[in-house]
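Worksheet: the structure to be examined is printed underneath.
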Amino acid sequence: MSSSTQSGARPAGWSAWVPYAALLTSLVSLTAGASLAKQLFPVVGATGATAMRLTFAAVILAVVFRPWRVKGRGDRRALLQYGLTLGAMNLSFYTALAYVPLGIAIAVEFTGPLVVAVATSRRRLDYAWIGVACAGLALLLPLRGGVAAVDWRGIAFALVAGACWAVYILAGKRASAAYGPAASSWGTALGALIAAPVGIAHAGAALLAPSVLEVGVAVAVLSSAIPYSLEMVALRRLQANTFSTLLSAEPAIGALMGLVLLGEHLDAAQWLAIALIVASSIGAATSAGLAARRRPADAEPPVPL
């Protein structure tokens, strides 16, 4: 009797770790996909890699969700805004990767959702987290000799990607309410329509090389299909603020993946900058979770990072 109880308790104990493992695997897959995409840059450029990622991801999500069968409840403007910002965000982020290491690009891009989280929390203390993030950005900006290796163009494009991410969060929330999971499929398709012409104009026939197509499909699977599926597993079993807090580890994981897969070595100041931005994201997510516990049940929940 006792042995059966113990054997039955083990799966339950392991199952508690499933959402955490799913989210961690999602972040590793996402950053590995970005690292793989960066290896395509010498052949098709950043815009070509973006076009391939979004196009193949749109096909994969269309097969999975069959969005044409879903009857939405309007708000096509939000869906259009969601798709356009998705395309612009990916173009800006991949272009940033052409100039700066992966971990730095992700860290700077994280300022977008951080601003959204702080703006929607309405807690004065949260503005301190913006200050922490700004301190991290100051360490990355090429204002001193010690950080001259960081190209200002990469920082600028990453900031544009972060701004797009902020709009993407707000528009995506409305589009998801109207179209459900199919919104991601429609949004990716719209984003591909934005990125594909730019990528084709830049890379041309190079996009059709078999070796390039194989890597492009792998990038779409690693950067979109796998992370989206695993994040759905994590979201169903984790609180929103817990999910956002764990998601804040993405810049650090990106820096590690850039080091392992791309040989991108960062100096101490750059690691400190990433740590400050991660800390600010964690602080904002934790504060949003505390505010949510005090908010009336019918109030609008905070936007996760």
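We count residues from 1, following the sequence as given.
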When clusters are formed by joining ILVMFWY residues with side-chain heavy atoms under 4.5 Å apart, either directly or through shared neighbours, do [X] and [Y] land in the same one?
X	Y	value
Phe41	Phe56	yes
Phe93	Leu140	yes
Leu54	Leu36	no
Ile200	Val215	yes
Leu86	Ile226	yes

Do you know the tightest heavy-atom contact between [X] and [Y]?
X	Y	result
His202	Val44	CD2-O, 3.1 Å
Pro197	Leu193	CD-O, 3.0 Å
Ala34	Tyr94	CA-OH, 4.4 Å
Gly199	Ala51	CA-CB, 4.0 Å
Leu247	Phe110	O-CZ, 3.4 Å
Ala133	Leu114	CB-CD2, 3.4 Å

Strictly distance-based, threshold 3.5 Å: is any side-chain N or O of [X] a donor or acceptor partner for the main-chain N or O of [Y]?
X	Y	answer
Lys38	Leu262	no
Ser92	Met89	no
Thr31	Val28	yes
Arg153	Tyr99	no
Thr111	Val108	yes
Gln270	Asp267	yes
Ser248	Val278	no

From [X] atom [atom1] to [Y] atom [atom2], the distance as rounded to the nearest 0.5 Å:
X	Y	atom1	atom2	value
Ile277	Ile282	CD1	CD1	12.5 Å
Ile274	Leu139	CD1	CG	11.0 Å
Leu91	Arg53	CG	CZ	11.0 Å
Ser223	Asn90	OG	CG	8.5 Å
Ile253	Leu30	CD1	CG	9.5 Å
Ser185	Arg66	OG	CZ	11.5 Å

Inset, instruction - Go through the steps to decide whether Met52 and Val212 satisfy the test side-chain contact (heavy atoms from CB on, under 4.5 Å), and finish with yes or no. - result: CA-CA 9 Å; Met52 297 188 76; Val212 172; 3.5 Å; yes
Show your reasoning for whether side-chain contact (heavy atoms from CB on, under 4.5 Å) applies to Leu102 and Ser35.
CA-CA 7 Å; Leu102 176 61; Ser35 300; 3.3 Å; yes
>> Quick one, Gln81 with Tyr168, criterion side-chain contact (heavy atoms from CB on, under 4.5 Å). Give me CA distance, side-chain angles, the key distance, then yes/no.
In response: CA-CA 8 Å; Gln81 190 178 36; Tyr168 164 88; over 6 Å; no
Considering only distance and modelled atom types, tabulate donor-acceptor pairs under 3.5 Å from the side chains of residues 18-27, sequence neighbours left out.
| unit_1 | atom_1 | unit_2 | atom_2 | d |
| --- | --- | --- | --- | --- |
| Thr25 | OG1 | Ala21 | O | 2.7 |
| Ser26 | OG | Pro227 | O | 3.4 |
| Ser26 | OG | Glu231 | OE2 | 3.3 |

### Query
With a 4.5 Å limit on heavy-atom distance, are the side chains of Pro101 and Leu266 in contact?
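Yes, at least one pair of side-chain atoms sits under 4.5 Å.
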Geometric class of the Phe65/Tyr228 ring pair [parallel <30°, tilted 30-60°, perpendicular >60°] =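 Because their plane-to-plane angle is over 60°, the rings of Tyr228 and Phe65 count as perpendicular.
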Notebook entry, point to check: For Phe157 and Leu97, what are the C-alpha separation, side-chain angles and deciding distance, and is it a side-chain contact (heavy atoms from CB on, under 4.5 Å)?
Noted result: CA-CA 9 Å; Phe157 277 111; Leu97 290 183; over 6 Å; no
